Number of protein chains: 2
Amino acid sequence: MTSLPSGRRAARGPLSAAASRRVERPAPLRQAVYDALLELIVNRTLAPGQHLVEAELAEYLGVSRQPVREALQRLQTDGWVDLRPAQGAFVHTPTEEEADQLLAVRSVLETYSAKLAAEHATAQDVKQLKKLQKAGEDALAAADVDRLVEANANLHAAVASIGRNKVLSEMIGLVDRRVRWYYTPIARPRSRDSWNEHAELIAAIADGDAERAGEVMHRHAEQTRQTYHDQKTTEGN
Amino acid sequence: MTSLPSGRRAARGPLSAAASRRVERPAPLRQAVYDALLELIVNRTLAPGQHLVEAELAEYLGVSRQPVREALQRLQTDGWVDLRPAQGAFVHTPTEEEADQLLAVRSVLETYSAKLAAEHATAQDVKQLKKLQKAGEDALAAADVDRLVEANANLHAAVASIGRNKVLSEMIGLVDRRVRWYYTPIARPRSRDSWNEHAELIAAIADGDAERAGEVMHRHAEQTRQTYHDQKTTEGN
DNA sequence: ACCGGCAAGATTGCATACAGTATACGGACA
DNA sequence: TGTCCGTATACTGTATGCAATCTTGCCGGT
């Protein structure tokens, strides 16, 4: 793949097949570049610490330096790259300290998110959660790690969105993605426990029991944090 | 003021006066532009909803469109402007809903921050907090609103920084600034109460009592939230 | 052999130029 | 008179160009 799907000039057929009701502003290239680069970072094609040269990325993606610059700057504010003045962009290198801080913040945010979810969840919402839970169970049974990771992310995102606090769920989205990036390379041993906790969580939300939902989520998050920490400290053996 | 202090080409005297030990990379223009624009937004020179034309801002600030664009994009991710594709930037218009969501998130984050502060505070830290508290009391006595607002922000920032969680304190910084922007235009009647709560908070932190510090901060934040809400609902009278 | 200075190449940061889209205005037609 | 359509203008999005700066490697001195 050497260039982006240039959706920019996508010829919109004249009312073709009742498609695209919405006005559909052409998404700026920088967004596509942002997504592409983030993907490359997350899947470690671009390694932590690596120097990202604007011109190279531009050529690789088939665009000019401009959108690349803009994407890199947003990647910086979102914590994925470090931008050193007059030196350029470097893929952010996670430290243990930072990972722990992120896990702590996530724990706090998601605990609150779970409480809100319990307060706001409709029958519809609960149904959706159970569906996501099942997807996770299936992935677990199939031992499909990729699907499991995705199901996990989806479930947490769903809980956040049920809380009806956009600011909160966007924040959780950002933090969560970074945490997973740090966490992924490490063995992920407690899947079974984790999904049991999810079941508990959903039950609490279904009951509208905010206190319990918060408590379960807190335990869940701290469990993860503990696991991460244990992994790290026994790593050198 | 029509142009930025062009620190870029600042002639660095050859080892002049032992100044600048640190390498001191020249701060990119976009950062100066970001600061300038944010100031203009916060002090309402640029009103919510206003269309920000890149060329105008560029001329006003004495730079090209490029750094302005980059600043605007970061202002977007930080929630100060909305960037509509092919239409440009508009100063973000706060909604009541969003304000409440931000207040809720801030409450959660600062509660945690207070707990951390209580766990980590050194004698030095406590001394600093008391100094900030005194600054606030002075401003209160002098009925100096500007200084009071600043003292308030400083105190909260100090508490956050004591917690030794950078991720957390940066987040609080962003959220807090936005909340203050929304909140400021509204009458700020509970200054006295607020600073009494600060005193309680500092006492709890000094005792290293995380539970109590968290509880006080939570009460403090929810109090503010309630005040905001009351103001809003009685506004039309 | 090691250190400091110097020059060449590489890369960023900023400015300018160009292309494409959205909005506003005005005239033709019902 | 009101509405629709076409054109003109304004502004954004992207590309390219230029100057300043950082980095690297080489050379001379010690």
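A quick note: this is a predicted structure, and the numbers were derived from the prediction, not measured. In what follows, chains carry the letters A, B, and so on, assigned in the order in which the sequence lines appear, proteins first and then strands, with residues in each chain numbered from 1.
The CD atom of A/Gln73 sits 11 Å away from the C1' atom of C/dT12 (whole-angstrom rounding). In this structure, A/Glu54 atom CD and C/dG13 atom P are separated by 6 Å, rounded to whole Å. Atom-to-atom, CD of B/Glu59 to P of C/dA15 comes out at 13 Å; the value is rounded to the nearest Å. Rounded to whole Å, the distance from CZ on A/Arg69 to C1' on D/dT16 is 14 Å. Counting to the nearest Å, the C1' atom of D/dT12 and the CZ atom of B/Phe90 are 11 Å from each other. Summarising the geometry, the separation between CZ on B/Arg84 and P on D/dA10 is reported as 20 Å, rounded to the nearest angstrom. We find that NE2 of A/His51 is positioned 13 Å from P of D/dC22, with the value rounded to whole Å. Taking atom CG of residue A/Leu57 and atom P of nucleotide C/dT12, one finds them 9 Å apart after rounding to whole Å.
Toward the 5' end of DNA chain C, the nearer of the two residues B/Arg65 and B/Glu70, judged by each one's closest nucleotide, is B/Glu70.
Nearest nucleotide to the side chain of A/Leu29, out of C/dG13, C/dA15, D/dT14: D/dT14. Comparing atom distances between the A/Val53 side chain and each of C/dT12, C/dC14, D/dT12 picks out C/dT12 as nearest. Checking D/dC22, C/dA22, D/dA15 against the side-chain heavy atoms of A/Gln87 singles out D/dC22 as nearest.
No option in B/Val68, B/Val63, B/Leu40 other than B/Val68 meets the side-chain contact (heavy atoms from CB on, under 4.5 Å) test with B/Leu57.
Nucleic acid contact for A/Leu83: none, since no nucleic acid atom lies under 4.0 Å from a heavy atom of the residue. Contacts of A/Leu52 with the nucleic acid, taken as non-hydrogen atoms under 4.0 Å apart, involve only primed sugar atoms and P, OP1 or OP2.
By the 4.0 Å N-to-carboxylate-O rule, A/Glu119 lies too far from A/Arg164 to be salt-bridged with it.
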| task | Given salt bridge (Lys or Arg N to Asp or Glu O under 4.0 Å), test B/Arg225 with B/Glu222 step by step and report yes or no. | result | CA-CA 5 Å; B/Arg225 194 176 168 192; B/Glu222 290 300 326; 3.6 Å; yes
| said: Show, in sequence, the C-alpha distance, side-chain angles and deciding distance for A/Glu97 and B/Lys166, and conclude whether the salt bridge (Lys or Arg N to Asp or Glu O under 4.0 Å) test is met. | reply: CA-CA 10 Å; A/Glu97 184 188 20; B/Lys166 263 195 181 166; over 6 Å; no
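Residues B/Met217 and B/Lys115 have side chains not in contact (no heavy-atom distance under 4.5 Å, counting atoms from C-beta outward).
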